[in-house]
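Because the structure is a prediction, the values reported are computed rather than measured. A, B, ... follow the sequence lines: proteins, then strands. Residue 1 opens every chain.
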Amino acid sequence: MQKEGFSPKEIIPIVNSVIVKVNKIPLNKQIAELEKLAPELLKKEKKERDFTLPKLLNAEKGKVVTRFPPEPNGYLHIGHAKAAIVDHEYARIYDGKFILRFDDTNPENAQIEFYEAQKEDLRWLKIEWDEEFNTSDHLEEHYRLAEQLIKQDDAYICVCSTEEIKHGRFHGKECNCCGNTCGDSMDLWKDMLNSSVEGSILRLRGDITCDNTAMRDPTLFRIIDKPHPLHGDKYRVWPTYDFAGAVEDSISGVTHPFRTKEYELRDECYFKLLDLLKLRKPHLIEFARLSIEGMPVSKRKIKPLIENGSVSGYDDIRLPTLRGLKKRGILPEAIKQFVLEQGISKVESSVTFSLVAAANRKIIDPIAKRYFFVKDPVKLIVENAPEKIKEINFHPINKTLGSRTVKTGKTFFVQNSDMKELKVGDIFRLKGLYNVKIKEKNKDVLTEYADENLIPGSAKIQWTTDKFVEMSVFIPHFIYIDEKYNADSLERADGFAEEAVLKLKTDEIVQFERFGFVRIENIDDKITGFFAHK
RNA sequence: GCUCCCGUGGUGUAGUCCGGCCAAUCAUUCUGGCCUUUCGAGCCAGCUACACGGGUUCGAAUCCCGUCGGGAGCACCA
């Protein structure tokens with residue numbers, strides 16, 4: 001508009017006067033007029049939102065490299081899944097490379113079993129990596145770079161106590177070690193590596209008065225005299241996260257490293273280190289941690305529960321670990337969908353589990369077989385019951401799932417809660433079978449056969465015959481409420497399932513009609529269910 | 001205390017960089033209806049949001065200043 005010589009200032013008054021005129025016309029005439037002039041403006045079309053991740057800055061097809069850098073110190077949870085999925089997804093979108101890197105530079109944390117366990121978790125998520133390595137395998141290179149920093153006098157050895165260092169950093173005061181020359185530091189560094197000196201650390205010469213406290217001469221290397229799960233006693237000087245993370249991202253060619261936003265303050269340190277080392281600088285991106293309401297992710301909260309037996313282990317269905325989610329019948333595809341829906345914003349938020357459930361339901365509803373499970377069963381007798389051999393489909397729409405055949409007599413079991421809703425004289429339908437009329441409600445419920453025609457609006461409830469299978473379904477609830485462990489977080493629903501569930505195998509996810517989606521597990525020949533969601 | 005990040009309906013999220021196409025997206029939840037031999041799915045409708053206060057501008061969710069609220073960091077843990 002301005003290009004054509006008009007300015008908004010000139011046009012706005014004209015527009016305003018026209019609006020006044022148009023508004024004087026009755027609404028229905030306005031609509032009629034618009035219908036003639038531009039009918040397309042009257043339709044409001046629904047926009048579809050796609051859940052692809054936003055474009056990456058400085059990204060070129062074929063040249064994007066991402067990485068997922070877990071510390072092998074536990075099983076992966078939904079938070080890891082977010083990082084891994086985002087990393088993996090970007091590499092895929094840009095035809096790039098995705099690296100799995102174990103950040104195992106603290107022998108006190110790294111544990112041998114978790115290298116493989118985490119890979120299993122990733123494979124279950126259907127995440128494949130193009131390259132895999134351990135940061136601990138690059139230690140010699142880290143040492144070389146450390147020495148480079150010392151030679152440049154950009155780092156120095158500090159032998160002060162933790163307390164002194166803390167104090168100095170807090171008040172922005174240098175310690176005496178800061179005056180160490182590069183010669184001094186190099187000698188002390190060699191001592192760290194080769195002798196049994198204790199307590200020395202290598203510190204970056206940052207800025208002890210910097211507003212960003214992460215820059216107040218952060219620790220780059222420290223001594224940890226503990227055998228490493230992969231390298232044993234070979235090394236005792238280990239890089240900290242600040243050093244190892246920056247260096248590894250750079251030298252392994254990562255172009256777009258992602259991390260959670262609690263590291264944001266360390267960005268400055270990250271880039272300063274790479275500057276001093278004359279290494280390539282990747283494009284760092286931070287996002288908020290992902291947390292699900294009532295399902296804590298932190299080890300601080302989960303570990304005690306495992307140790308005191310409040311939960312069965314890291315695969316407890318109340319936990320947001322990948323193993324826990326798997327156990328309750330959440331599919332990896334649903335987790336991926338859920339994560340991508342959340343995107344990579346920096347807003348700290350707590351998401352309801354129903355978003356996970358919705359994603360999962362969308363996938364399993366069309367393919368999950370339906371079965372009858374009767375919670376808190378009561379006996380139901382049908383007078384004049386015709387003996388039937390009835391074939392009932394496993395799915396209302398998806399006929400390829402087949403059917404089962406049930407032989408019925410006059411004894412059934414139905415849910416106590418359903419019977420409470422009905423009174424003597426009511427007619428309801430044994431779902432898939434026929435109608436019955438309630439005659440008496442005592443300990444058992446006495447009914448009589450009441451025709452087979454469908455009665456619109458009547459209750460249709462699930463049932464079993466007297467050939468039932470006793471089983472329990474475990475239902476998870478919030479494990480933490482207001483920062484407190486919820487002792488009622490695991491509910492057990494006991495009841496009778498129809499005989500056909502005996503043919504189910506471990507890991508099958510079915511729907512118990514009017515109950516919910518349940519993953520089946522055969523434990524010691526006893527069939528058990530784990531509740532996923534409604 | 002200091003520094004940094006964040007603030008869009010009940011819950012998430014798009015839009016914020018680069019002001020106008022935003023009487024604000026999509027999902028989920030909830031409510032009502034339709035449909036259905038499930039309380040599931042599907043379909044339709046509805047509710048509810050730019051934290052607050054100033055400023056800049058013809059025009060602000062978007063830019064500036066301030067306030068408030070939430071989070072993070074101030075580790076020899078990542």
Side-chain angles (χ1 to χ4, degrees), chain A residues 1 7-13 15-16 46-51 54 57 69-71 73 103-106 108-109 158 160-162 165-166 169-170 172 199-203 210-216 218-224 237-242 244-245 259-268 286 288-290 293 299 337-338 341-343 345-359 361-362 364-366 368 370 372 392-393 395-398 417-418 429-435 454-456 458-462 511-517 533-534:
Chain A
M1 209 158 51
S7 82
K9 257 188 176 150
E10 296 170 66
I11 291 172
I12 297 285
V15 171
N16 281 338
K46 231 180 180 177
K47 284 181 228 162
E48 285 265 317
R49 211 188 121 202
D50 64 338
F51 289 105
L57 242 42
E71 184 180 35
N73 70 337
D103 263 347
D104 55 350
T105 54
N106 186 342
E108 289 185 329
N109 293 347
C158 177
C160 295
S161 72
T162 315
I165 291 172
K166 200 173 175 175
R169 300 188 77 196
F170 190 82
S200 319
I201 57 171
L202 182 70
R203 290 227 259 168
C210 187
D211 274 344
N212 182 353
T213 48
M215 292 306 288
R216 325 248 259 223
T219 305
L220 267 19
F221 284 82
R222 78 292 209 197
I223 295 167
I224 301 174
V237 175
W238 295 94
T240 57
Y241 171 81
D242 277 325
R259 54 185 188 182
T260 45
K261 65 175 198 151
E262 66 265 25
Y263 296 115
E264 261 183 323
L265 262 352
R266 323 202 75 87
D267 286 9
E268 199 179 344
E286 269 112 5
R289 294 191 95 110
L290 174 58
E293 192 189 354
K299 277 211 185 56
Q337 178 64 29
F338 164 72
E341 275 172 21
Q342 297 313 307
S345 91
K346 289 212 239 178
V347 186
E348 62 267 355
S349 56
S350 190
V351 182
T352 38
F353 185 79
S354 53
L355 288 171
V356 180
R361 201 182 290 123
K362 209 154 279 166
I364 61 178
D365 185 79
R370 317 283 137 132
F372 290 165
I392 304 173
N393 288 330
H395 195 282
I397 302 156
N398 187 348
S417 57
D418 285 328
R429 188 176 186 83
L430 295 169
K431 191 166 185 282
L433 237 205
Y434 50 68
N435 306 317
L454 269 180
I455 304 168
S458 73
K460 286 119 193 164
I461 68 172
Q462 79 277 24
Q511 189 201 51
F512 284 163
E513 293 205 37
R514 308 206 305 136
F515 183 84
F517 291 94
H533 46 77
K534 273 239 153 207

J.: Got a donor-acceptor pair under 3.5 Å from the side chain of Gln511(A) to the base of U38(B)?
T.: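 Checked by distance alone, the answer is yes.
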J.: Report the distance from atom CZ of Arg259(A) to atom P of A72(B), rounded to the nearest whole Å.
T.: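 In whole Å, A72(B) P lies 17 Å from Arg259(A) CZ.
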J.: Compare the minimum distances between each of G73(B), G70(B), C76(B) and the side chain of Glu348(A), then state the nucleotide with the smallest one.
T.: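 Taking heavy atoms from C-beta onward, the closest nucleotide is G70(B).
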J.: Between A45(B) and C26(B), how far apart are the two P atoms, rounded to whole Å?
T.: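 These two P atoms come out 11 Å apart once rounded.
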J.: Any idea which heavy atoms bring Ile165(A) and Cys158(A) closest together, and the distance?
T.: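 Answer, listing the atom of Ile165(A) first, then Cys158(A): CD1-SG, 3.9 Å.
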J.: Distance between the P atoms of A51(B) and C43(B), in whole angstroms?
T.: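 Their P atoms lie roughly 32 Å apart.
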J.: Nearest to the side chain of Lys362(A), which nucleotide is it out of A14(B), C76(B), A27(B)?
T.: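 Of the options given, the side chain of Lys362(A) lies nearest A27(B).
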J.: Nearest to the side chain of Ser350(A), which nucleotide is it out of G12(B), A78(B), U38(B)?
T.: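 My answer, after comparing the listed nucleotides, is G12(B).
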J.: Taking for each residue the nucleotide of RNA chain B bearing the nearest heavy atom, is the 5' side occupied by Thr219(A) or by Glu513(A)?
T.: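 Result of the comparison: Glu513(A).
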J.: Quick one: label Gly343(A) by what it contacts on the DNA or RNA (base, sugar-phosphate, nothing), any heavy atom closer than 4.0 Å.
T.: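 Answer is nothing: Gly343(A) stays at 4.0 Å or more from every strand.
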J.: Base, sugar-phosphate alone, or nothing: which one does Ala214(A) contact when heavy atoms must sit under 4.0 Å apart?
T.: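 The answer is nothing, as Ala214(A) stays clear of every strand by at least 4.0 Å.
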J.: Looking at the side chain of Arg169(A), which of U8(B), A72(B), A75(B) is the nearest nucleotide?
T.: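 Ranking U8(B), A72(B), A75(B) by closest atom to the Arg169(A) side chain puts A75(B) first.
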J.: Are the side chains of Arg259(A) and Arg266(A) in touch, meaning some heavy atoms are under 4.5 Å apart?
T.: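 SC-SC contact between Arg259(A) and Arg266(A) confirmed.
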J.: For U3(B), which nucleotide in any strand shown is its Watson-Crick or wobble partner with both distances under 3.5 Å?
T.: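 By the stated definition (distances under 3.5 Å), A72(B) pairs with U3(B).
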J.: When rounded to the nearest Å, what value does the distance between C1' atoms of U28(B) and G69(B) take?
T.: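 Pairwise C1' distance, U28(B) against G69(B), rounds to 25 Å.
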J.: Restricting to non-hydrogen atoms, name the atom on Arg216(A) and the atom on Cys210(A) that form the minimum distance, rounded to 0.1 Å.
T.: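 Shortest heavy-atom separation between Arg216(A) and Cys210(A) comes out as NH1-O, 2.6 Å.
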J.: Expressed in whole Å, how much space separates the C1' atoms belonging to A49(B) and C4(B)?
T.: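 Taking atom C1' in both A49(B) and C4(B), they lie 27 Å apart.
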J.: To the side chain of Thr213(A), which of U38(B), C74(B), U8(B) is closest?
T.: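 The listed nucleotide nearest to Thr213(A)'s side chain is C74(B).
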J.: Pick the C1' atom in A72(B) and in G59(B), then give their distance to the nearest Å.
T.: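 Going atom to atom, C1' in each nucleotide, I get 37 Å.
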J.: Under 3.5 Å, is there an N or O donor on one side and an acceptor on the other linking the side chain of Gln342(A) and the base of G12(B)?
T.: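 Between G12(B) and Gln342(A), which were checked side chain against base, a qualifying N/O pair under 3.5 Å is absent.
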J.: Rounded to whole Å, how long is the line connecting atom CD of Glu264(A) with atom P of C4(B)?
T.: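 Taking CD of Glu264(A) and P of C4(B), I get 12 Å after rounding.
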J.: Measure from the side chain of Leu265(A), starting at C-beta and using heavy atoms only, and say which of G40(B), C76(B), C4(B) lies closest.
T.: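 Taking heavy atoms from C-beta onward, the closest nucleotide is C4(B).
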J.: State the OG1-CD1 distance between Thr105(A) and Ile224(A), to the nearest 0.5 angstrom.
T.: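 Result: 7.5 Å between the selected atoms.
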J.: Using a distance-only criterion (donor-acceptor N/O pair, under 3.5 Å, no hydrogens), is the base of A72(B) paired with the side chain of Tyr263(A)?
T.: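 Per atom types, no contact qualifies.
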J.: Pick base, sugar-phosphate or nothing for Arg266(A), based on heavy-atom distances below 4.0 Å to the nucleic acid.
T.: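 Base: the residue Arg266(A), judged by heavy atoms under 4.0 Å, touches a nucleobase.
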J.: Output the single nucleotide from C76(B), U3(B), U29(B) whose closest atom is nearest the side chain of Asp211(A).
T.: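 The answer is U3(B).
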J.: Would you call the rings of His533(A) and Phe517(A) parallel, tilted or perpendicular, where under 30° means parallel and over 60° means perpendicular?
T.: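 The arrangement is tilted - the two ring planes meet at 30° to 60°.
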J.: For A45(B), give the paired nucleotide (Watson-Crick: N1-N3 plus N6-O4 or O6-N4; G-U: N1-O2 and O6-N3; both under 3.5 Å), or none.
T.: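 Base-paired to U31(B).
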J.: G40(B) P sits how many Å from Ile461(A) CD1, rounded?
T.: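 So the CD1-P distance, Ile461(A) to G40(B), works out to 16 Å.
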J.: Check every atom of G40(B), A75(B), U38(B) against the side chain of Arg361(A) and return the nucleotide holding the closest atom.
T.: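 Selected nucleotide (nearest to the side chain): G40(B).
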J.: Distance check needed: G10(B) P versus Glu293(A) CD, whole Å only.
T.: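 Distance, rounded to whole Å: 15 Å.
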J.: So which nucleotide does A51(B) pair with, by the Watson-Crick or G-U wobble rule with both distances under 3.5 Å?
T.: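 Paired with U67(B).
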J.: May I ask you to decide whether Asp365(A) forms a salt bridge with Arg370(A), counting only side-chain N to carboxylate O separations under 4.0 Å?
T.: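 Yes, charged N to carboxylate O under 4.0 Å.
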J.: CG of Leu202(A) versus P of A75(B): gap in Å, rounded?
T.: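 From Leu202(A) CG to A75(B) P: 18 Å.
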J.: Roughly, in whole Å, what's the span from NZ in Lys346(A) to P in U13(B)?
T.: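 Those two atoms, NZ and P, are 14 Å apart.
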J.: Measuring only the P atom in each nucleotide, how far is C21(B) from U62(B)? A whole number of Å is fine.
T.: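 13 Å, rounded to whole Å.
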J.: A24(B) pairs with which nucleotide, Watson-Crick or G-U wobble, both distances below 3.5 Å?
T.: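 Pair assignment: A24(B) / none.
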J.: Tell me the interatomic distance from Arg370(A), atom CZ, to G40(B), atom C1', rounded to whole angstroms.
T.: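 Value for this atom pair: 6 Å.
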J.: Would you check if Ile455(A) and Arg429(A) make a side-chain contact, meaning some heavy-atom pair closer than 4.5 Å?
T.: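 They are not in contact (no side-chain heavy atoms under 4.5 Å apart), so the answer is no.
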J.: What's the closest nucleotide to the side chain of Thr352(A) if the choices are G70(B), U11(B), A27(B)?
T.: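 Closest nucleotide among those given: U11(B).
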J.: Could you tell me whether Lys166(A) atom NZ has more than 12 heavy atoms of other residues or ligands within 6.0 Å of it?
T.: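 For Lys166(A), atom NZ is not crowded (no more than 12 foreign heavy atoms under 6.0 Å).
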J.: Pick the P atom in G40(B) and in U16(B), then give their distance to the nearest Å.
T.: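 Those two atoms are separated by 38 Å.
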J.: Quick one: is G12(B) close enough that its OP1 or OP2 comes under 4.0 Å of any side-chain N or O from Ser345(A)?
T.: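 No, Ser345(A) has no side-chain N/O under 4.0 Å of OP1/OP2 on G12(B).
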J.: Taking atom C1' in both G10(B) and G1(B), what distance in whole Å separates the two?
T.: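 It comes out at 36 Å once rounded to the nearest Å.
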J.: Identify whether any heavy atom of Asp418(A) sits under 4.0 Å from a base atom; if not, whether one sits that close to sugar-phosphate; answer base, sugar-phosphate or nothing.
T.: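 Here Asp418(A) touches the bases of the nucleic acid.
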J.: Using the closest heavy atom to pick a nucleotide of RNA chain B for each, name whichever of Asn212(A) or Leu454(A) lands nearer the 5' end.
T.: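 It is Asn212(A), whose closest nucleotide lies nearer the 5' terminus.
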J.: At under 4.0 Å between heavy atoms, what does Gly516(A) touch on the DNA or RNA strands: base, sugar-phosphate, or nothing?
T.: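 Counting heavy atoms under 4.0 Å across all strands, no contact is made by Gly516(A).
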J.: Whole Å only: how far is the CD atom of Glu71(A) from the C1' atom of A75(B)?
T.: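 Spelled out: CD on Glu71(A) to C1' on A75(B) is 14 Å.
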J.: Can you tell which of C6(B), U38(B), G1(B) lies closest to the side chain of Lys261(A)?
T.: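 Closest nucleotide to the Lys261(A) side chain: C6(B).
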